[in-house]
Amino acid sequence: MFPIIKFRCSNCSLRKYAFSFSSAVAALDSTPHQHQQQRIFVPGVSDQIDRFPGSLDPRLFVSDLKHCRNVSQIEQIHGRVAVFGMLQSLPVANKLLYMYARYKALDEAFAVFGAMGERDAVSWSVMVGGFAKAGDYDNCFRVFKVIVRLGLPLNSYTLPFVLRATRITSNLQMGRALHVLVCKSGLDSDRFVSAAIVDMYAKCGDAEDARKVFDGMPHRDLVSWTVMIDGYADCGAAHESMLLFDRMKEEGVVPDKVTLVTTAYACAKLGAMHKAEYVHGYVLERKFSLDVVLGTAIIDMYAKCGSVRSARQIFDTMEEKNVVTWSAMMSAYGIHGHGRKALELFPLMLQSGILPNRITFVSVLYACSHAGLVTEGKRWFNSMREDYSIQPDVKHYTCMVDLLGRAGRFGEALELMDTMAVEKDEGLWGALLGACRIHGNIALAEKAAECLLELQSSNPGYYVLLSNIYAKEGRWGDVARVRDLMTSRRLKKIPGWTWIEVNNRIYRFGVGDRIHPRSEDIYEKLRSLSVKLELGGYVPDTNFVLHDVDEEHKIEEREVIVRDANRFHHFKEGCCSCGDYW
DNA sequence: GTAGGGTTAG
């Protein structure tokens with residue numbers, strides 16, 4: 001006899017075999033409870049079914065489908081299912097749909113779906129979910145609209161997929177409409193549905209509505225907390241993420257790895273070192289193993305909070321590293337201006353059997369540009385195409401224009417831009433404009449600015465940059481023109497804020513503000529530093545504010561770590577790690 | 001017996 005079902009205990013060596021479905025159920029029931037029972041249906045068993053006339057059971061086909069690992073295997077079982085008339089069984093037909101969708105054979109899934117005489121809620125959900133998971137959001141919406149048009153009851157399995165689709169396509173309007181639908185159908189009390197709504201609002205940039213839904217949830221589970229923490233971080237409110245992390249723990253919800261990854265991500269966005277140590281401390285305290293995702297998140301967190309050394313320590317202790325881990329570490333060196341160290345990692349990555357991807361090369365080229373490694377940057381740019389068959393996208397070109405532009409090699413930068421086959425975006429023109437500002441290349445700045453303004457950018461930073469370039473030349477008419485353009489496009493200059501962490505507290509200040517109770521003392525200290533600087537023979541260059549800091553700390557003999565909008569600067573003994581390549 | 005959520009690098 002050929003056993004059709006096996007049982008295995010995952011804790012001990014117990015094995016049992018059954019030769020028919022009914023005896024299998026009996027065997028399972030007689031297994032002592034302390035054993036971890038695992039049912040294993042022998043793959044291919046439905047093929048043997050004619051040898052067991054009494055055991056034609058839909059469950060055998062379901063289990064066979066479950067074991068399929070590719071589309072051709074599914075097609076094979078599909079054939080048998082058809083031969084035995086098992087498509088009449090909804091569980092079998094639904095499982096078939098699900099498996100086709102799972103292995104992205106959406107056409108096949110659709111064909112089965114169309115041929116089914118009877119469809120239940122599961123059939124519809126599987127189609128909606130299948131399209132959503134495959135990234136085919138148009139079809140996902142299409143199927144959902146049919147459900148609504150047919151007046152079928154909405155359920156809590158379908159809606160999260162549709163919400164996910166609106167979230168990824170950033171379709172806030174559709175999201176709001178779905179929210180109304182959810183409330184009408186009374187599904188807003190379902191934790192899957194409501195967490196999906198929170199996620200949808202946050203990922204569409206509406207943190208406020210996300211929080212409202214979150215606060216109104218009757219049952220907040222770990223996932224909903226995680227979604228809200230992540231949502232705040234994505235909306236640029238990482239401070240709220242950290243507050244929420246604490247509140248979650250206060251309410252007795254225990255974070256898992258995913259929550260910690262998300263919190264680390266939020267902390268990276270916040271850039272506060274003591275918070276980074278707090279998150280890492282929690283990971284150590286709760287003895288979470290540093291798997292590849294959590295470890296990588298912590299590397300990035302430490303790097304973005306200012307400690308490339310801690311990032312490297314984590315990197316070195318990680319057993320498993322993937323391409324994201326290596327790219328994160330290279331990026332860490334890049335943002336700290338340690339270009340050579342980033343490049344040193346590349347051959348080590350190859351040695352460990354990991355191949356680079358397009359993002360790895362963004363990290364590599366970024367590292368080159370911020371360390372002024374022109375020759376190396378050009379070499380890697382060629383290598384990515386020739387040795388790894390990765391075609392550069394606009395981000396790679398931006399790094400190259402940045403690299404060449406900072407080095408004042410405008411001819412080469414323009415030549416590269418002329419030959420590029422991908423569409424130029426505002427980031428690329430912005431990089432060129434930034435380089436023009438550094439080298440005072442007004443003619444080229446005008447050209448870059450023209451293209452930039454044509455793209456109707458909503459980033460006020462570019463307008464301000466251009467206006468400053470004109471102002472420096474005394475071209476006040478042009479300054480006014482750019483400012484008018486900003487007004488007509490309803491853009492406002494975002495005020496510059498600086499954060500400083502002193503004794504575990506974060507202080508925020510803007511130009512000339514006097515909010516701090518000891519602001520008199522602070523300004524007095526600044527005045528005395530200015531005097532010291534002047535005595536030291538320093539003449540500040542008002543276009544390049546960071547040079548002030550450079551000299552300042554030579555006077556104070558301290559190591560200063562400063563983060564600007566892009567990267568970190570380590571000032572030590574009068575020099576900056578960026579080598580003035582910022 | 002068939003369908004479900006949150007996570008890392010630019």
Side-chain angles (χ1 to χ4, degrees), chain A residues 21 25 39 41 57-63 65-66 89-99 101-102 120-130 132-133 155-164 167 190-200 202-203 221-231 233 255-266 268 290-301 303-304 311 314-315 318 321-332 334-335 356-367 393-396 398-399 427 566:
Chain A
F21 218 93
V25 173
R39 255 184 234 208
F41 291 85
D57 189 303
R59 280 174 282 193
L60 299 179
F61 293 92
V62 168
S63 110
L65 284 164
K66 203 166 159 181
S89 157
L90 269 173
V92 175
N94 285 339
K95 187 74 186 183
L96 188 61
L97 274 184
Y98 173 76
M99 291 303 287
R102 181 174 162 180
D120 65 1
V122 178
S123 328
W124 288 97
S125 301
V126 167
M127 289 312 285
V128 171
K133 280 188 216 153
N155 72 41
S156 64
Y157 283 84
T158 319
L159 279 160
F161 286 117
V162 187
L163 284 161
R164 182 192 169 90
R167 169 194 107 174
D190 181 85
R191 63 201 174 103
F192 286 87
V193 175
S194 45
I197 292 175
V198 172
D199 197 27
M200 180 276 298
K203 292 282 155 62
D221 63 7
L222 182 55
V223 175
S224 27
W225 282 97
T226 310
V227 162
M228 196 62 238
I229 290 172
D230 192 40
D256 69 357
K257 246 180 201 175
V258 180
T259 315
L260 285 164
V261 168
T262 301
T263 309
Y265 164 74
L290 280 190
D291 69 8
V292 63
V293 178
L294 183 55
T296 304
I298 291 178
I299 288 175
D300 190 54
M301 171 181 79
K304 288 183 180 149
I314 301 293
F315 180 81
M318 281 170 65
K321 302 182 182 80
N322 64 13
V323 64
V324 183
T325 319
W326 287 93
S327 305
M329 195 62 232
M330 290 185 206
S331 163
I335 59 176
N357 64 17
R358 52 202 319 113
I359 300 175
T360 316
F361 281 103
V362 173
S363 304
V364 166
L365 296 175
Y366 182 94
D393 64 28
V394 69
K395 297 262 188 244
H396 301 103
T398 304
C399 287
N566 297 313

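Heavy-atom basis, side chains included; hydrogens, waters and symmetry copies ignored.
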> Is the shortest distance from a Lys or Arg side-chain nitrogen in D230(A) or K203(A) to a carboxylate oxygen in the other one below 4.0 Å?
Replying inline: yes

> Do NZ/NE/NH1/NH2 and the carboxylate oxygens of K395(A) and D393(A) come within less than 4.0 Å?
Replying inline: no

> Across the strands shown, which category fits K321(A) at heavy-atom distances under 4.0 angstrom: base, sugar-phosphate, nothing?
Replying inline: nothing

> At under 4.0 Å between heavy atoms, what does L222(A) touch on the DNA or RNA strands: base, sugar-phosphate, or nothing?
Replying inline: base

> How is T158(A) classified with respect to the nucleic acid when contacts are heavy atoms under 4.0 Å: base, sugar-phosphate, or nothing?
Replying inline: nothing

> At under 4.0 Å between heavy atoms, what does S123(A) touch on the DNA or RNA strands: base, sugar-phosphate, or nothing?
Replying inline: nothing

> Looking for any heavy atom pair under 4.0 Å, which part of the strands does V227(A) touch: base, sugar-phosphate only, or nothing?
Replying inline: sugar-phosphate

> If you walk 5' to 3' along DNA chain B, what is the first nucleotide with an atom under 4.0 Å of a heavy atom in chain A, and what is the last?
Replying inline: dG1(B) to dG10(B)

>> Applying a 4.0 Å non-hydrogen cut-off, can you work out what F192(A) is touching in the nucleic acid: base, sugar-phosphate, or nothing?
In response: base

> For F361(A), which contact category applies under a 4.0 Å heavy-atom criterion: base, sugar-phosphate, or nothing?
Replying inline: nothing

>> For a quick check of understanding: with a heavy-atom distance under 4.0 Å over all strands, which category does D291(A) fall into, base, sugar-phosphate or nothing?
In response: nothing

>> Once you apply a heavy-atom cut-off of 4.0 Å, does R191(A) come out as touching a base, just sugar-phosphate, or nothing?
In response: base

>> Nearest 0.5 Å, please: how far is OG1 in T296(A) from NZ in K321(A)?
In response: 9.5 Å

> Which part of the nucleic acid does Y98(A) contact within heavy-atom distance under 4.0 Å: base, sugar-phosphate only, or nothing?
Replying inline: sugar-phosphate

> Looking across every strand, which nucleic acid part, if any, lies under 4.0 Å from A196(A) by heavy atom: base, sugar-phosphate, or nothing?
Replying inline: nothing

> When we call it a touch if two heavy atoms are under 4.0 Å apart, what does V128(A) touch: a base, just sugar-phosphate, or nothing?
Replying inline: nothing

>> Need one value for V126(A): base, sugar-phosphate or nothing, where a base atom within 4.0 Å counts as base even if backbone is also close, heavy atoms only.
In response: sugar-phosphate

